[in-house]
Amino acid sequence: MTLCTNYGILNVMRFTKSLIATLREDPKEAESKSHRILLRGGFIKQLASGIHTYLPLGWCILMKISTIIREELDRIGGQELLLPAISPKEIWEASGRWQDYGDDMFRFKDRKERDYCLCPTHEEIVTDIARTKIRSYRDMPQIWYQIQTKFRDEPRPRFGVIRSRQFIMKDSYTLDVDEKGLDKSFNLHREAYTRIFKRCGLKFEIVDASGGLMGTGESKEFMARVESGEDIIVACSSCDYRANLEAAQGIGQVTSFENGKITEVHTPGKKTVDEVSAFLNILPSNLVKTIFYTAPNNKHIIILLRGDYEINEATIHNKFGFSYQPATADEINKVFGAEPGYIGPQGIKGVDVYADDILKDCTGMITGANHNNYHIKGLNIKRDVKVSEFLNLRTVKPGDTCTRCEGKLELYSGLELGHIFKLGTKYTEKLGATFLDENGKKKPIVMGSYGIGLERIMACACEQKGDDNGAVWPISIAPFDIYLVVLNPSEKEITDAATQSAQALTEAGFSVIVDDRDVTAGIKFNDSDLLGIPIRVTCGPKGLKKNTFDIYMRETKEIFEVERTEIVAKCIEIKEHLYRRIND
RNA sequence: CGGGAGCUGGCCUAAUUGGGUAAGGCGCUUGGUUUGGGACCAAGAGAUUGGCGGUUCAAAUCCGCCGCUCCCGACCA
C-alpha cells in the first residue's frame, strides 16, 4: 500500500484508462441476443469467423467463471494440469480419430514435414499419460482437469462465441478400475456441474444425450433453454423426462389403413412426402419413406419410416456405425432401379431392411414402386417386406407420448453448457493403458470425460438475463461488482467524493470500475446498463448537496438514495442479497 | 456442402436502378459552452469503395473470377 501512495489508488479501474469500447449501434454481423450484447459491450471482438479476442471485460468474466469451476472441481478431488494444445498425428491414428475427426480437425506440418493437429479434445493425450503413470489399481481413482483453448474447424461457426472454432473448455478426465468406480466419478461430475452452473446464475436442466464421436456409453448434457440454442431439448410436460432430440425416444400414435392388394398409382413428378400426399389427397402418415444408407466396406441397409416422421441419424450411427451415410442418387438408382422419391423396400434382395417400430402392424401403406413416376398402394409391412428388425429409428416430434408416463413431449431450443460421458475402455484399450488389479491381472483403465464451454456460460448469461439495454451479469461472474458513475468529473469536490468512496468500497472487498469520463450523464448511464454491472453508484452534484449517493440495481432497476457514510454498508447488503437470490 | 443476404474511413449507413471521380451520422483530435438517461458550437484528421481482371473517355456503380462475413439448412462431443 505504501508503495502506491505516490499514485493514489491503483487498484480501482478507471474508465478513462481502460480498454473498453462500447458500440453505440448494433454491429451488423450480430443477430442473436448474446452476440449483440457481447460485441456492443466490448466484451469480445471477432478476428475471423468463429475466432474471437476476449477483451479485458470479457476476459474478466471468463476468469470469474474459471474460478468457480476450479473451486468445484477441486472440491470433488480434481487435480488441475495443462496438456499441450498441439499433438502429433500418431497418437490420434492409434485411437482412430485422426480419420474419424475428418475436416473438423485443424492440421498442420512442422518444418520436418511431420503431421500435427491442434487438439479438439484431449482423451488421447490423457490416455498417454495414464499408460505410463498409472500401473496399479492403487493409483486410482484419478480426476484430472484443465482449462484450455480447444480448436475445432466447425463447418458452420454460429452465434458469436456459442459455436466457435477456437474456444475455452474445462475438460476433465477420470480414471477408474471398474464400472462402479466410473459411476462414482460420473456422479461426482454431475454434482460438481450442477453447482457450477447454479453458482453462475444460470437456469439449466440435465438431459439424456448421445455420445456421438466420443463413445456410446451413458452421457448427459447440461442444457440451458435459450432462444439461440444449437440443440433441441425434448421435455415431458408431466414428468421429469428430458433428452436431447438426438437421444430422445417417444411413443407415436399408431395409424393403419385398410388392408388390400398392392396396386400401382401414377404419380408423375411427385417425389417428396409432401408432394405425394397432396397429389393423392392422403395423410403423410399413410406413406412409408424408404431411406437407403451405405457405408464403405459395409453392408447397405434400408431404413423404413412413416411419412410424418424424420430419421434419427444419431440412432443410425450408434446402432450401425458412424460410417453409414445416406446413399447418393447413383447408388439408389443402381440398387432400386428408380430415382430417389420412387423407391420402396419390396422385392429388393441382399439388403437388410430395418423398419421403425411404429410401422410394425401397418397395412394399406403407400410407398415408391421402384420405377420412376409410380408409387404403390396397399403395402402391408408384415406381408410384403422382409424386415430384419423393428427399431425406434424416428426423431421425436411434438405431441408424441412420453415413454415413462402419459405426458406429451414438447421441444425447446437449448444451449449445451456441459456434457459428461462414460467412455469406458474405448481409448485405454486402443492405446494400451492398463493396470494390474488386486489379483495381478492386467485390465484396461475405465475412463470418463467431461467438458464445459466457458464462453457458453458467458453467452448463456446474456441470453437468459440480458435485456434491451444490454447485459445483466449475475454478481458471481460480473466483471465488476460496482459501476461508480462520476457526474461532472471536472468538479473537484465530486471527484474527491467519488475517489474516497471507490477507495472505501475497494477496501470493503468490492471490485469497482469508476466512470470518470467527461461525457454527459446519459452516456455513462447507458454504458453502465450495457456493461451489465450489478450495482451502480452515482456520485453527482445533486446528491452531494444532500450528502447522498444513488445506488441502482441493474437487474431490478431499483434505486436507493443513500447517505454518503452508509454506502459501503448498503452495497454489502445488496451484494449479499444478490448472491442469495442468484438461483431463485 | 446446398440456399439466401451482404462487403463503402474505427462503427452504422447513403450514393448502385439510370456509370461522371465518394456523402451523412456516430466516434476520434483541438478549442469553447455544457453536464441526473447518448447535449451543443467551431475548426480538423481519417477511404487505393473486400481483391484481381475486363468493358468504357470515365467504374463504388456494368461484366467475370476469387476472397471474406452473416443468416437458414446439412454437418457437429
Side-chain angles (χ1 to χ4, degrees), chain A residues 21-32 35-36 39-40 42 45-51 97 100-105 119-123 150 152-160 162-165 167 169 171 209-217 219-222 228 230-231 244 246-247 310-311 313-314 317-318 322 325-326 328 416-423 426 449-453 456 469-470 485-491 494 515 517-530 536-546 548-550 552 557 559 561:
Chain A
T22 56
L23 301 173
R24 185 165 181 161
E25 284 163 279
D26 286 337
K28 64 182 164 198
E29 72 257 32
E31 282 186 24
S32 73
H35 195 193
R36 216 166 50 229
L39 281 173
R40 262 199 74 189
K45 183 181 190 307
Q46 179 163 322
L47 179 63
S49 178
I51 300 175
R97 292 209 291 184
D100 289 351
Y101 245 105
D103 290 338
D104 278 15
M105 197 182 237
C119 294
T121 174
H122 282 83
E123 281 75 17
K150 294 281 189 280
R152 294 179 192 174
D153 194 359
E154 293 288 345
R156 189 180 164 206
R158 244 202 282 215
F159 305 139
I162 287 178
R163 177 168 291 277
S164 52
R165 299 193 296 167
F167 59 98
M169 187 180 204
D171 45 326
S210 75
L213 258 187
M214 296 293 293
T216 48
S219 87
K220 298 275 183 193
E221 283 171 337
F222 290 73
S228 302
E230 276 251 302
D231 286 281
N244 187 310
E246 286 182 354
E310 297 300 322
I311 195 161
E313 285 219 334
H317 288 153
N318 286 333
F322 273 82
Q325 295 297 330
T328 62
E416 180 191 352
L417 299 168
H419 200 155
I420 56 180
F421 298 94
K422 288 185 181 176
L423 299 177
K426 173 173 172 179
S449 94
Y450 316 86
I452 291 179
R456 284 186 174 182
N469 297 322
V485 177
V486 187
L487 298 174
N488 297 15
S490 48
E491 287 179 35
I494 293 171
D515 192 344
R517 290 176 296 173
D518 189 14
V519 295
T520 58
I523 293 175
K524 297 185 223 192
F525 291 141
N526 282 323
D527 273 346
S528 93
D529 283 347
L530 176 59
R536 185 179 79 203
V537 176
T538 305
C539 173
K542 270 192 201 166
L544 220 52
K545 272 182 203 144
K546 297 184 281 181
T548 62
F549 285 13
D550 284 347
Y552 161 94
K557 300 188 162 61
I559 296 182
E561 196 178 326

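Each chain gets a letter, A, B and so on, in the order its sequence line appears, and its residues count up from 1. Keep in mind that what you see is a predicted model, and the values were worked out from it rather than measured.
The base of B:G27 does not come close enough to the side chain of A:Arg517 for any donor and acceptor atom to sit less than 3.5 Å apart.
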**Report entry** Strand RNA chain B in bracket notation, Watson-Crick/G-U under 3.5 Å with | for pairs to another chain
**Finding:** (((((((..((((......[..)))).((((((.....)))))).....(((((..]....))))))))))))....
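Nucleotides B:C57 and B:C1, compared at atom P, are 40 Å apart to the nearest Å. Taking atom P in both B:G46 and B:G4, the straight-line distance is 41 Å, to the nearest Å. A distance of about 16 Å separates the P atoms of B:U34 and B:C40, rounded to the whole Å. To the nearest whole angstrom, the two P atoms, one in B:U21 and one in B:U16, are 13 Å apart. Straight-line distance between the P atoms of B:C11 and B:U49: roughly 16 Å, to the nearest whole Å. For the C1' atoms, the distance from B:U33 to B:C7 is 40 Å, rounded to whole Å. Look at the C1' atom in both B:U61 and B:U8: the space between them is 12 Å, to the nearest Å. The gap from the P atom of B:A45 to that of B:A59 amounts to 26 Å, rounded to the nearest Å.
A:Arg40 contributes no side-chain N or O that, together with a main-chain N or O of A:Thr22, makes up a donor-acceptor pair within less than 3.5 Å. Panel note: side chain A:Arg456, backbone A:Ile162; a donor-acceptor pair is recorded below 3.5 Å. Put simply, the side chain of A:Arg163 never gets that close to the backbone of A:Arg156: no donor and acceptor are under 3.5 Å apart.
Residue A:Val519 is in base contact, counting any heavy-atom pair closer than 4.0 Å across all strands shown. At the heavy-atom level, A:Ala21 lies nowhere under 4.0 Å from the strands shown. A:Phe549 comes within 4.0 angstrom of nothing in the nucleic acid, heavy atoms only. Contact annotation for A:Thr538: base contact, defined as any heavy-atom pair under 4.0 Å involving a base atom. Nucleic acid contact class of A:Arg165 (heavy atoms, under 4.0 Å, all strands): none. Using a 4.0 Å heavy-atom cutoff across all strands shown, A:Pro27 reaches sugar-phosphate atoms only and no base atom. Across all strands, A:Gly540 comes closer than 4.0 Å to base atoms (heavy-atom distances). Residue A:Glu313 is in sugar-phosphate contact alone, with no base atom involved, counting any heavy-atom pair closer than 4.0 Å across all strands shown. A:Arg40 comes within 4.0 angstrom of a nucleotide base, judged by non-hydrogen atoms across all strands. Using a 4.0 Å heavy-atom distance criterion, A:Asp26 is classed as a sugar-phosphate-only contact. Residue A:Ser49 is classed as a sugar-phosphate contact, given heavy-atom separations below 4.0 Å to backbone atoms only.
Phosphate contact (OP1/OP2 of B:C70, side-chain N/O of A:Gln46, threshold under 4.0 Å): present. Taking side-chain N and O atoms only, A:Arg163 has no distance below 4.0 Å to OP1 or OP2 of B:C75. Between A:Ser490 and the phosphate of B:U35, there is no side-chain N or O to OP1/OP2 separation shorter than 4.0 Å. Listed pair A:Arg158 / B:G73 meets the phosphate criterion, a side-chain N or O lying under 4.0 Å from OP1 or OP2. For the OP1/OP2 pair of B:U8 and a distance below 4.0 Å, the side-chain nitrogens and oxygens of A:Lys28 include at least one atom meeting the criterion.
Rounded to whole angstrom, the span from the CG atom of A:Asp104 across to the C1' atom of B:A74 amounts to 13 Å. The separation between A:Ile51 atom CD1 and B:C68 atom P is 12 Å, rounded to whole Å. Summarising the geometry, the separation between CG on A:Asp518 and C1' on B:G38 is reported as 15 Å, rounded to the nearest angstrom. Atoms CG (A:Leu23) and C1' (B:C28) sit 14 Å apart, rounded to a whole Å. If you take CZ of A:Arg156 and P of B:C75, they are 13 Å apart, rounded to a whole angstrom. Across the protein-nucleic acid pair, A:Phe525 atom CZ and B:G38 atom P stand 10 Å apart, rounded to whole Å. Remark: C1' of B:C26 and CG of A:Leu530 are 15 Å apart, rounded to the nearest angstrom. One can place CG of A:Asn488 at 13 Å from C1' of B:U33, the figure rounded to the nearest angstrom.
In this structure, A:Pro541 and A:Ile494 have side chains that are in contact, with non-hydrogen atoms separated by less than 4.5 Å. No side-chain heavy atom of A:Asp104 sits under 4.5 Å from any side-chain heavy atom of A:Pro120. At a threshold of 4.5 Å between non-hydrogen side-chain atoms, the residues A:Pro157 and A:Gln46 do not count as touching. Residues A:Thr538 and A:Phe525 meet the side-chain proximity criterion, which asks for heavy atoms closer than 4.5 Å. With contacts defined as side-chain heavy-atom distances shorter than 4.5 Å, the pair A:Lys557/A:Asn469 qualifies. The side-chain heavy atoms of A:Ser32 and A:Arg158, taken from C-beta on, include no pair separated by under 4.5 Å. Here the side chains of A:Thr121 and A:Arg97 are in contact, with some heavy-atom distance below 4.5 Å.
Closest approach to the A:Glu154 side chain among B:G37, B:C76, B:G36 is made by B:C76 (side chain taken as heavy atoms from C-beta onward). Of the candidate nucleotides B:G38, B:C12, B:C76, B:G38 has the atom lying nearest to any side-chain atom of A:Ile523. The side chain of A:Glu25 sits closest to B:G25 out of B:G36, B:G37, B:G25.
Along RNA chain B, the nucleotide nearest to A:Ser32 and the one nearest to A:His317 differ in position, and the one closer to the 5' end is contacted by A:Ser32. Sequence order on RNA chain B of the closest nucleotides to A:Leu487 and A:Thr520 puts A:Leu487 first from the 5' end.
With respect to A:Glu123 and A:Lys426, no salt bridge is recorded, no charged nitrogen being found less than 4.0 Å from a carboxylate O.
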